[in-house]
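On a predicted model such as this, the values are computed, not experimentally measured, just so you know. Reminder, nothing fancy here: chain letters follow the sequence lines and each chain counts from 1.
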There are 2 protein chains.
Amino acid sequence: MQTSVICLGLLRSGPATGYVIKSVLEGPLNQIYNLSFGSIYPALSKLTKEKYVTVKQHAQDKKPDKKVYTITKRGISYFEETLLAESGKYVRSGNYGDQIKSEFAMLLLFSKSLPKQNIKLILDERILSAQQQLNLITYEGPIAKDSNLNALRNSVQGRFTRGLMAEVIKTAINYIETNRKKLHD
Amino acid sequence: MQTSVICLGLLRSGPATGYVIKSVLEGPLNQIYNLSFGSIYPALSKLTKEKYVTVKQHAQDKKPDKKVYTITKRGISYFEETLLAESGKYVRSGNYGDQIKSEFAMLLLFSKSLPKQNIKLILDERILSAQQQLNLITYEGPIAKDSNLNALRNSVQGRFTRGLMAEVIKTAINYIETNRKKLHD
DNA sequence: AAGATATATATCAAAATGATATAGGGGTAT
DNA sequence: ATACCCCTATATCATTTTGATATATATCTT
């Protein structure tokens, strides 16, 4: 899915800055999709040029101007047409669909080359890390810095998607806890 | 994790071609990690220059020469040192750790913009696709074209990692089946 | 007979990452 | 106190990766 389409989809829930888009991706949408600033900011500039979004600069004392992006009608049409036209591509994994790069799984696969004590520590850390991710995804409290993307997080679709990821993480934690002895001991 | 380190890790189980490395990533290591030929072939060339692997060309009638890569002692040392030194990086997600890009999850998140009938079809297709992935991961039969990477697939580490991914996929299928009505109906 | 799938390597424009720069505020640990 | 880290906020860029395409043939399917 193109970065610009993802930005439009998120902006459909309300105006936001590039920084907020990144924050949502790292918070409630943790484990779903991640993008670097190096792709978010150019995408927002491109969308502005193409009139799919408008931008309003808010001067801030001693901080860079906050650039709040708002999706236009033209942007909404473009987003909905693109999503419908390309929805088939996003279902299957492989070249299209989910891009899977689990460095943790590769580490486990190669863990024969690691001292047992290190493996224990790695698994302990991973469980902790996964529990923290779970907290980020399932967090229901208010997001002070942003009132717009709350709506997306709490929508039926947001709840379904976050619930799916939460179940997946719980399964992984449980699997590691019950099977870890096979990798050390 | 650098592509070259992943190639070395896989070659540690036995000599292989770039094509076989890609096949393993798409077969038994499906949903764990994926790499394109455009990064595998340059990585193997680089590793050859650095003497971490050796290459033997097998002329094939009317096909490109098969280039079989074998890890060197130097390569094994480099791999084990790198893995140990960087293992901490691969535990946590975020900038380091797993790179998550689930286009399917984003599609679900944005599915308010899609006709209900399309959503039904997308979920049906996804379940089918996930079941096929499960078959690829859990396949236990012989891999005719390659006898080396069998060992990695069937090792304790291989079974653990593939088992983890299989459980995760089963959880996802089950979640979609029991909750899908929230997205259409 | 046409089309898809499999074997096998290679290249490359376009896209994305990961790091860094800039710049100040607030918290906190030694 | 002052060193250190995290938060807000945008921007840039070398390096890496993707996704597509080219090349060439055999085999299986429709």
Q: For the CG atom of A:Asn30 and the CD1 atom of A:Ile169, what is their distance to the nearest 0.5 Å?
A: 6.5 Å

Q: Got a list of side-chain donor-acceptor pairs under 3.5 Å for residues 37-56 of chain A, not counting sequence neighbours?
A:
{"residue": "A:Ser39", "atom": "OG", "partner": "A:Ser36", "partner atom": "O", "Å": "3.1"}
{"residue": "A:Ser45", "atom": "OG", "partner": "A:Tyr41", "partner atom": "O", "Å": "3.2"}
{"residue": "A:Thr48", "atom": "OG1", "partner": "A:Leu44", "partner atom": "O", "Å": "2.7"}

Q: The side chain of B:Tyr41 is closest to which nucleotide in this list: C:dA8, D:dT18, D:dA9?
A: C:dA8

Q: Identify all side-chain donor-acceptor contacts of residues 1-10 of chain B below 3.5 Å with residues at least two apart in sequence or on another chain.
A:
none

Q: Answer whether the closest heavy-atom distance between the side chains of A:Leu109 and B:Leu29 falls below 4.5 Å.
A: yes

Q: Restricting both atoms to N or O, compile the protein contacts to nucleotides 27-30 of chain D shorter than 3.5 Å, with distance only.
A:
none

Q: For the pair made of CD in A:Glu86 and P in D:dG19, what is the distance, rounded to whole Å?
A: 13 Å

Q: Per the ring-ring contact (aromatic ring centres under 6.0 Å, His included) rule, what does the pair list look like for residues 109-133 of chain B, sequence neighbours excluded?
A: A:Phe79-B:Phe110

Q: Can you check the B:Ile40 CD1 to D:dT16 C1' distance for me, whole Å?
A: 14 Å

Q: What nucleotide among C:dA16, C:dA8, D:dG19 has an atom nearest to a side-chain atom of A:Ser36?
A: C:dA16

Q: What's the spacing between A:Arg180 CZ and A:Leu108 CG if we round to 0.5 Å?
A: 11.0 Å

Q: Test your reading of the model: is there a side-chain donor-acceptor pair from A:Asn154 to the backbone of A:Asn150, 3.5 Å cut-off?
A: yes

Q: Separation of A:His58 atom NE2 from D:dT10 atom P, in whole Å?
A: 10 Å

Q: Would you mind reporting whether A:Ile176 and A:Arg126 have side-chain heavy atoms less than 4.5 Å apart?
A: yes

Q: Closest-nucleotide mapping onto DNA chain D: is A:Gly38 or A:Val68 further toward the 5' terminus? I mean the 5' end.
A: A:Val68

Q: Can you tell me the distance, in whole Å, between the NZ atom of B:Lys101 and the P atom of C:dA16?
A: 7 Å

Q: Heavy atoms from C-beta onward define the side chain here; which of C:dT17, D:dT18, D:dT8 lies closest to that of A:Tyr19?
A: D:dT8

Q: Quickly work out the A:Glu26 CD to C:dG18 P distance and round it to whole Å.
A: 11 Å

Q: Of B:Gln2 and A:Ser39, whose closest DNA chain D nucleotide lies nearer the 5' terminus?
A: A:Ser39

Q: Rounding to a whole Å, what distance do you find between B:Lys22:NZ and C:dA10:P?
A: 16 Å

Q: Testing the basics here: between A:Lys170 and A:Leu134, what is the closest heavy-atom pair and its distance to 0.1 Å?
A: CG-CD2, 3.8 Å

Q: Does B:Arg12 reach the side chain of B:Glu80, with side-chain heavy atoms less than 4.5 Å apart?
A: yes

Q: With each end axis built from five pairs of C1' atoms, what bend angle do you get for the helix from C:dA1-D:dT30 to C:dT30-D:dA1? Round to 10°.
A: 40°

Q: Between C1' on C:dA8 and CZ on B:Phe37, what's the gap in Å once rounded to a whole number?
A: 8 Å

Q: Side chain of B:Gln99: nearest nucleotide among C:dT17, D:dA9, D:dT10?
A: C:dT17

Q: Between A:Thr17 and D:dT10, does any side-chain N or O lie under 4.0 Å from OP1 or OP2?
A: yes

Q: Which nucleotide wins on minimum distance to the side chain of A:Lys67, given the candidates C:dA8, D:dA11, D:dT17?
A: D:dA11

Q: How long is the span from the OG1 atom in B:Thr161 to the CZ atom in B:Arg153, to the nearest 0.5 Å?
A: 13.5 Å

Q: Could you check how far OH of B:Tyr90 sits from C1' of C:dG18, rounded to whole Å?
A: 14 Å

Q: Taking NZ, NE, NH1 and NH2 as the nitrogens, is one of them in B:Arg162 or B:Glu140 under 4.0 Å from a carboxylate oxygen of the other?
A: yes

Q: Could you list by number each residue of residues 43-57 of chain B showing a heavy-atom separation from DNA chain C of less than 4.0 Å, or answer none if no residue does?
A: none

